[in-house]
Amino acid sequence: MMRLRPYKPCDAQTITKWMKDEYAFRQWSADRYNKYPITPDDMNLYYDKDRENDRIWGMTAFDDTGIIGHFIMRFPNSSNFNEIRLGFVIVDDKIRGKGYGKEMLTLAIQYAFDFIKVKKISLGVFENNEAAIKCYEACGFKKVKLENVESYYCMGEMWNCIEMVLMK
């Protein structure tokens with residue numbers, strides 16, 4: 001049975017091992033880190049900059065076998081508590097394609113709607129990450145058109161994001 005708990009710095013020891021190549025790493029992190037691979041210390045240093053920010057927090061998914069997933073939640077607008085944005089969504093690479101991502105996101109959705117009481121959950125995903133897009137769609141997220149497409153320069157290319165939203 002999968003459960004969620006707040007992210008702890010020791011989780012980085014496991015999570016950073018799931019990124020087996022730079023392409024997958026950049027799909028997860030875009031340009032947020034300036035090197036690959038990252039160490040657990042790199043991950044924790046990145047998260048430490050928001051340690052005192054009560055508008056962003058990490059979550060870890062686990063079951064009886066240990067840590068199996070991770071994501072962050074944040075309020076993207078300082079004056080609006082009706083929307084949560086998900087980011088850095090990742091599942092252990094050894095168990096991908098088996099429904100764990102959908103299960104983790106279902107728990108995140110339930111937490112956001114039932115506990116935080118938001119009306120909207122949003123996320124961005126690179127258009128070259130078809131597996132993640134299918135997972136998000138299976139959880140009920142819908143693609144939305146934005147006037148300005150968010151893009152990042154990754155791996156020598158310009159990668160475009162797809163905006164996805166789930167309404168209560």
Side-chain angles (χ1 to χ4, degrees), residues 1-30 32-33 36-38 40 42-44 46-47 50 53-76 81-144 150 159 161-168:
M1 179 173 97
M2 187 184 296
R3 296 174 294 236
L4 296 178
R5 64 162 171 73
Y7 170 85
K8 299 187 295 186
C10 61
D11 297 344
Q13 293 286 343
T14 301
I15 296 165
T16 56
K17 292 178 184 171
W18 297 340
M19 298 162 232
K20 302 293 189 214
D21 60 64
E22 188 170 5
Y23 191 84
F25 171 72
R26 293 295 169 200
Q27 285 180 315
W28 175 72
S29 68
R32 299 299 190 244
Y33 293 91
Y36 170 83
I38 60 168
D42 294 330
M43 186 173 179
N44 286 321
Y46 183 84
Y47 282 11
D50 287 315
N53 184 345
D54 64 353
R55 303 186 65 76
I56 185 169
W57 59 96
M59 299 293 283
T60 298
F62 68 101
D63 66 10
D64 293 339
T65 66
I67 296 170
I68 55 178
H70 169 69
F71 59 93
I72 62 165
M73 301 180 101
R74 68 181 172 92
F75 292 108
F81 290 96
N82 288 319
E83 178 183 352
I84 279 287
R85 188 156 181 89
L86 301 180
F88 286 128
V89 178
I90 191 168
V91 172
D92 182 343
D93 62 305
K94 291 187 258 3
I95 59 171
R96 288 187 193 144
K98 298 179 180 178
Y100 289 93
K102 182 178 179 186
E103 185 177 356
M104 180 178 74
L105 287 167
T106 299
L107 290 173
I109 291 164
Q110 183 179 11
Y111 182 83
F113 285 149
D114 297 344
F115 185 72
I116 304 173
K117 304 291 187 193
V118 297
K119 302 200 179 334
K120 176 181 176 182
I121 304 170
S122 63
L123 59 85
V125 59
F126 285 121
E127 60 190 9
N128 64 7
N129 196 343
E130 292 180 30
I133 294 166
K134 287 180 182 176
C135 180
Y136 300 142
E137 288 175 333
C139 292
F141 284 88
K142 305 286 184 219
K143 295 176 185 175
V144 294
E150 189 175 350
W159 290 5
C161 285
I162 296 171
E163 182 72 9
M164 300 187 82
V165 170
L166 179 63
M167 303 297 291
K168 181 150 177 101

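- Side-chain contact between Leu86 and Tyr136 is absent, with no heavy-atom pair separated by less than 4.5 Å.
- Comment: Asp21 does not engage Arg26 in a salt bridge, judged by the lack of any side-chain N to carboxylate O separation of less than 4.0 angstrom.
- Residue pairs satisfying the salt bridge (Lys or Arg N to Asp or Glu O under 4.0 Å) criterion with at least one member in residues 96-116, sequence neighbours excluded, are listed as follows: Asp114-Lys168.
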Stepwise side-chain contact (heavy atoms from CB on, under 4.5 Å) test for Ile84 and Tyr111:
CA-CA 10 Å; Ile84 279 287; Tyr111 182 83; over 6 Å; no
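- Nearest approach of Ile72 to Gly58, heavy atoms of both residues: CG2-CA, 4.0 Å.
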Going through the checks in order, is the side-chain contact (heavy atoms from CB on, under 4.5 Å) test met by Asp11 and His70?
CA-CA 9 Å; Asp11 297 344; His70 169 69; 5.9 Å; no
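- In this structure, Ile116 and Phe81 have side chains that are not in contact, with every pair of non-hydrogen atoms separated by 4.5 Å or more.
- With values rounded to the nearest 0.5 angstrom, Ile121 atom CD1 is found 9.0 Å from Leu105 atom CG.
- Nearest heavy atom pair, residue Glu130 against residue Glu127, reads CG-O, 4.5 Å.
- To the nearest 0.5 Å, atom CD1 of residue Ile38 and atom OH of residue Tyr46 are 10.0 Å apart.
- Among all heavy-atom pairs drawn from Val125 and Ala132, the shortest one is CG2-CB, 3.9 Å.
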Using the rule given for side-chain contact (heavy atoms from CB on, under 4.5 Å), can you reason through Ile109 versus Cys139, listing the C-alpha separation, both sets of side-chain angles and the distance that settles it, and then say yes or no?
CA-CA 9 Å; Ile109 291 164; Cys139 292; 3.9 Å; yes
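- Annotation for Lys20: atom NZ counts as buried by contact number, over 12 foreign heavy atoms lying within 6.0 Å.
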Residue pair Val89, Leu123: steps toward the side-chain contact (heavy atoms from CB on, under 4.5 Å) verdict:
CA-CA 10 Å; Val89 178; Leu123 59 85; 5.7 Å; no
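- Just one of Trp18, Phe88, Tyr23 meets the ring pair (Phe, Tyr, Trp, His ring centres under 6.0 Å) condition when paired with Trp28; it is Phe88.
- Residues Ile90 and Met104 come closest through the heavy atom pair O-CE, 3.6 Å.
- For Phe25, the ring-ring contact (aromatic ring centres under 6.0 Å, His included) partners at least two apart in sequence or on another chain are Tyr33, Tyr36.
- Taking 4.5 Å as the limit, some side-chain heavy atom of Leu107 sits within range of a side-chain heavy atom of Met2.
- Proximity of Val165 to Lys142: side-chain heavy atoms (C-beta onward) are nowhere separated by under 4.5 Å.
- Between Pro6 and Met59, the shortest heavy-atom contact is CA-SD, 4.2 Å.
- Across Phe71, Phe75, Tyr47, a single residue satisfies ring pair (Phe, Tyr, Trp, His ring centres under 6.0 Å) together with Trp57, and that is Phe75.
- Met19 is not listed as a side-chain neighbour of Pro37, based on a closest heavy-atom distance of 4.5 Å or more.
- Residues Lys143 and Ile133 have side chains in contact (heavy-atom distance under 4.5 Å, counting atoms from C-beta outward).
- Looking at heavy atoms from C-beta onward, Gln27 lies in side-chain contact with Asn128 at the 4.5 angstrom threshold.
- Taking each heavy atom of Thr65 and Ile68 in turn, the nearest pair found is OG1-CG2, 4.0 Å.
- Of the possible polar contacts, none joining the Asn82 side chain to the Lys119 backbone as a donor-acceptor pair under 3.5 Å is found.
- Between Val118 and Glu83, the closest side-chain pair of non-hydrogen atoms is not below 4.5 Å.
- The CE atom of Met43 lies 11.0 Å from the CD atom of Gln13; values are rounded to the nearest 0.5 Å.
- Of the inter-residue distances, the one linking Ile15 atom CD1 with Thr60 atom OG1 reads 5.0 Å to the nearest 0.5 angstrom.
- We find the CD-CH2 distance between Glu150 and Trp159 to be 14.0 Å, quoted to the nearest 0.5 Å.
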